[in-house]
Amino acid sequence: MEYKFRDIEKKWQQQWKEKKVYSVPNDSPKPKYYVLDMFPYPSGAGLHVGHPLGYIASDIYARYKRLKGFNVLHPMGYDAFGLPAEQYAIEHGIHPAVSTENNINTFRKQLDNIGFCFDWDREVRTCEPSYYKWTQWIFLQLFDSWFNRITQKAERITQLIKLFETHGSDVPGIQRSAFSFTPAEWKSFDEATQQEILMQYRLAYLAYTDVNWCEALGTVLANDEVINGLSYRGGFPVVKKKMRQWSLRITEYAERLLKGLDEIDFSDSMKEIQRNWIGKSVGAEIDFAVSSEQDVIKSMRVFTTRPDTIFGVDFMVVAPEHEMVKSITSSAQQKEVDDYVQYVLTRSEVDRMAEVKKITGCFTGAYAVNPFDGRKIPIWISEYVLAGYGTGAIMAVPCGDERDFKFAKHFNIPITNIIGEYYNGEEANATKDAILQNSGFLNGMVMREAIDSAIAKIEADGIGKRQVNYKMRDAGWSRQRYWGEPFPIVYKNGVPYAMDEKELPLVLPPSNDFKPAGNGEGPLANLKDWIFFAANENRDSNTMPTHAGAAWYFLRYTDPHNDKAFADKKALDYWGQVDVYIGGSEHAVAHLLYSRLWVKVLHDLGYLNFDEPFKKLINQGKITGDSRFVYRVRGTNKFVSHGLKSQYDADALHVDVNIVNGTELDTAAFKKWKPDFADAEFILEDGKYICGTAIEKMSKSYFNVINPDDVVEKYGVDTFRMYEMFLGPLEASKPWDIKGIEGVHRFLKKLWRLFYDDLKGKVWNEDKANDAEWKALYKGLKKIEEDTDRFSFNTGVSTFMILVNELSDLKCHKKEVLEKLLIALTPYAPHIAEELWSLLGNSGTVLDAAYPAIETKYLIESSKEYPISINGKMRTTINIALDAAQPEVEQIVLTNDVVQKWLEGKAPKKIIFVKGKMVNVVM
RNA sequence: GCCCGGAUGGCGGAACUGGUAGACGCGUCAGACUCAAAAUCUGGUAUUCGCAAGGAUGUGCAGGUUCGAUUCCUGUUCCGGGCACCA
């Protein structure tokens, strides 16, 4: 009886579907476990072999946990809103809803083909109104909340209004704002003014912000969609533009997002990326008195991480966009300042980044006064200081900061040395170890310690305070696009109000016009009837970014069909956090931070009893393509083999990996591949045409794409799954080399032969197993369990191979042994396991079997083949009883022939014996 | 420039807490079965000296700690990823 893998796999996939074996209940006496994949954006290209890697890993883990007695939630859905579908609509006239639906169907077919154990009854699609109703609802929760800095939590806006009524603008725990009012004044403000003030505190708020405007795409991009000043999609230039945009006040959560990292199991690099993104820096804000011609501005505030260097300040630099610039510029400098400000305005982000070496700037004619020694410090403006970070102004210490140093040198500003020999006059030295000189009350202190002393003095003198800054900005949340969630907001006479919960969802209006409205507004602005739906009332023409739907989908899976709430509280409490989340590291920043933010806000508002969404995160590596090259002799149709190419003037061309066996080109197939090559000639080496190789990303244009459907057709799903895992560690990126798959396929055939022989038929029997067979089994199962627990699936697969090799050598065909092996194999190769399980006469699915417990009595060893080292070099091994003590071991070792040979009659200096490990004779 | 991660046979990789480097698989070589091939099975396969027994070398490179280092420390090269005038 042959292993007919395709028949078996199709049969079981059908049965699992009919019997709904992957359907998961929301109430169970079993402990819960939540295994989640990052849901895919359903692109038109379909899956290649790199995509399923993480899904296979999570599938193995989900099945494993189920066998171990857990109620496992393992859902899948689609991140279905997004720009590509809209671009496609503009180019091909197909509505995004239609192309998205088609793509989802293709994805589903491919996913089903790999036999995943998703509970498809829980599928979510972010573009469905029944789903985005709740995305809009959560947005309104953010709109209706503010962040209380004392409780460090989101609270309701009604709470804030009460505080304004009793405290005025002087509410403790409130962030700074431009508004200042008494309780009485608050009550006297008209509605529009009150709403404008409240907007300064809402977690989802409207503000004029500098956005990344991409003219070519006609839209605003998030920071992570801009790479080197060009749009991520299309590579178009991106410039700064002020627009009235929705933003999420994620900066208020910076500290909690940072602290939360300590409690979750993400990789160190992932945590580091998030820490860098949040960019916490501790320092002080210091006020400097200002003396200027106009005398309007009395003082300026700077942020510095190095208040210990305050006596080394030789000039101040203010961002050219800073408001104070107008008020301090002297008449003599006016023209020069105006020109410079004008120059900076014309400079796009791209230019500012591209030119790091060029130093520009301009003196304002005003001076600041050092609060400690009264020195007059010139105030400059320069583009290297950014208005949006810190206070938009810095104190420049050229002896300790490279940029400040270059600036001072360039403009001939005298440099004060406060660090003695640490400063050589050639370059700045950012040390914290120097002993301060020329530094007033800080003289003689080590800089590292002087930081705190300086802050203490600054605070005591009332000229500043300790301050923490974050590099992270609030998240821009408006997109000038059609294919996204509309904002559930109504503007009444220009004042934004939340829509009533009962009116949700605000459905995306039907349209066939996806081009931007031209004035910087998105396609929805073209739908006048929808935008201006009532007198003096209008809607927002923007939609939310794709991050919105993805920021909470893992909550929806717990109760996906609920139309009363985003999910039932009982379901949320039962499933709780995602226990394991598997996905690519490219979502390190945006998706994970926004998800963490939304969960924290929902937690603060009492909807969730946890405040981190993902307990453990695993980033699967990329599978790279293994490209092949042929070398065409220039100007001819002759192709030279790789080893001889240096003798010719030849150009490398990518060749389809599917017509290359290893590195040997199938020259006949090559001639048929493209008409151009029909009469190609070959210069061979040893009668073969050898191709060049390169590891690159999988791409159609490199002809190195492998479609999982083809692999599955040829070798079967179980082989494909195990091979993807066998390639290497889950988190490492690794090349796809089809050659190795034969080994895994052979392994499954060998496993099959333990049960059925091609000639003899059934070979399994119901005999009692002996100790050697039990030992082989349990030794293997123990390792497999350990490997699966730590997501080391590559070593797990190899342990299965070792185990099957051993059982074959032992000629063990005994049901009681093989049955346990099948249960353990189920997570890795579910189809073959299910088939053999049923052929052994079992009813029901193997997924409902109990994971085999390890019988440790078969694993106890009485002796060990000890490695014996002489001076740390392994020379021989001796079998010694494991309970032998040092004197006994020494005696055995010293009488050994090999040891005696090496000792040459001398007595050893000492003998190191580590019980159960090794012996080392030192001479 | 700064911050993280990595480098092991011809190839993918293993060695989990400092204790027999190269498990497992691919490839390859030899053999068995076969008219032949496929499939399957058996054995060898880090490099090097040697008929062999056995020895020397060996985890990017240079040092160090240790009885003993792929593993720890210092420096360095290369590769991958993140951030980038962030005060």
Side-chain angles (χ1 to χ4, degrees), chain A residues 228 267-277 279-281 283 302-306 309 317 319 352-353 355-357 359 382-386 388-397 400-404 406-407 469-472 585-586 588-589 619 621-622 624 626 662-663 693 722-723 726-729 731-744 746-747 749-750 753 758 783 786-787 790 792 794-802 805 808 865-877 898 901 908-914 916-923:
Chain A
N228 291 330
S267 70
D268 288 344
S269 71
M270 190 59 44
K271 288 185 179 183
E272 201 57 32
I273 290 168
Q274 294 214 355
R275 284 196 192 101
N276 285 343
W277 186 263
K280 180 179 184 176
S281 52
V302 303
F303 173 71
T304 179
T305 54
R306 296 296 301 273
T309 62
V317 186
R352 278 172 85 155
M353 269 195 278
E355 277 184 79
V356 181
K357 283 177 189 150
I359 295 154
S382 176
E383 60 180 336
Y384 82 82
V385 174
L386 306 176
Y389 184 78
T391 61
I394 63 158
M395 54 180 230
V397 182
D401 181 280
E402 198 52 41
R403 280 167 332 192
D404 297 347
K406 283 183 179 151
F407 194 89
N469 264 326
Y470 300 93
K471 200 158 74 178
M472 181 170 68
S585 55
E586 64 272 23
V589 176
N619 295 115
K622 288 188 186 67
T624 45
D626 196 358
T663 55
T693 63
M722 286 192 103
Y723 184 55
F726 188 62
L727 279 173
E731 308 200 52
S733 84
K734 51 224 164 230
W736 173 269
D737 175 12
I738 193 67
K739 287 303 282 182
I741 201 169
E742 298 278 358
V744 175
R746 267 176 222 150
F747 153 74
K749 286 199 276 191
K750 196 164 182 178
R753 284 200 305 274
D758 286 3
K783 175 91 163 74
E786 287 163 2
D787 287 346
R790 64 188 174 102
S792 179
N794 57 328
T795 54
V797 173
S798 75
T799 309
F800 274 115
M801 290 173 170
I802 294 167
N805 287 344
S808 298
E865 194 73 17
Y866 273 93
I868 311 300
S869 298
I870 315 286
N871 283 339
K873 273 196 196 247
M874 216 278 286
R875 294 300 176 185
T876 188
T877 60
V898 178
K901 191 192 96 185
K909 277 204 193 105
K910 62 175 161 175
I911 295 174
I912 289 156
F913 169 61
V914 182
K917 294 270 190 195
M918 46 62 71
V919 179
N920 187 15
V921 180
V922 185
M923 57 183 283

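Letters A, B, ... mirror the listed sequences (proteins, then strands); counts begin at 1.
Scored by the side chain to side chain contact (heavy atoms under 4.5 Å, CB included) test, A/Arg875 finds A/Ile870, A/Lys873, A/Val898, A/Trp902 as partners (sequence neighbours excluded). Here A/Asn920 pairs with A/Ser869, A/Ile912, A/Met918, A/Val922 under the side chain to side chain contact (heavy atoms under 4.5 Å, CB included) rule; sequence neighbours left out. Every ring pair (Phe, Tyr, Trp, His ring centres under 6.0 Å) that A/Phe913 has, sequence neighbours left out, goes to A/Tyr866.
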Using atom names, set out every protein N or O paired with an N or O of nucleotides 53-58 of chain B below 3.5 Å, distance rounded to 0.1 Å.
| from | atom 1 | to | atom 2 | distance (Å) |
| --- | --- | --- | --- | --- |
| B/rA56 | OP1 | A/Arg875 | NH2 | 3.4 |
| B/rA56 | OP2 | A/Arg875 | NH1 | 3.0 |
| B/rU57 | OP2 | A/Lys873 | NZ | 3.2 |

Protein-nucleotides 6-13 of chain B N/O pairs closer than 3.5 Å?
| from | atom 1 | to | atom 2 | distance (Å) |
| --- | --- | --- | --- | --- |
| B/rG12 | O2' | A/Leu727 | O | 2.5 |
| B/rG13 | O3' | A/Asn794 | ND2 | 3.4 |

Report, one pair per line, the protein and nucleotides 38-42 of chain B atoms (nitrogen or oxygen only) whose separation is under 3.5 Å.
| from | atom 1 | to | atom 2 | distance (Å) |
| --- | --- | --- | --- | --- |
| B/rU40 | O3' | A/Arg753 | NH2 | 3.2 |
| B/rC41 | OP1 | A/Arg753 | NH2 | 2.9 |

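Distances were taken from every side-chain heavy atom of A/Thr305 (C-beta onward) to each of B/rA15, B/rA87, B/rC85; the shortest belongs to B/rA87. The side chain of A/Tyr389 has B/rC86 as its nearest neighbour among B/rG82, B/rC86, B/rU20. With B/rA87, B/rG19, B/rC24 as the choices, the nucleotide that has an atom nearest any side-chain atom of A/Ile802 turns out to be B/rC24. With B/rA15, B/rC83, B/rA87 as the candidates, the nucleotide lying closest to the side chain of A/Trp277 is B/rC83.
Note: A/Phe747 and A/Phe800 have tilted aromatic rings, judged against thresholds of 30 and 60 degrees for the angle between ring planes.
With C1' as the reference atom, B/rG31 and B/rA23 are 25 Å apart, rounded to whole Å. B/rU34 sits 32 Å from B/rC11 when the C1' atoms are compared, rounded to a whole Å. For the P atoms, the distance from B/rA15 to B/rU71 is 15 Å, rounded to whole Å.
Between the base of B/rC83 and the side chain of A/Asn276 there is no donor-acceptor pair shorter than 3.5 Å.
Within a 6.0 Å radius of NZ in A/Lys783, more than 12 heavy atoms belonging to other residues, nucleotides or ligands are found.
Annotated as syn: B/rG9, whose O4'-C1'-N torsion sits within 90° of 0.
Nucleotide B/rU59 forms a pair with no other nucleotide shown, judged by Watson-Crick or G-U wobble geometry with both contacts under 3.5 Å.
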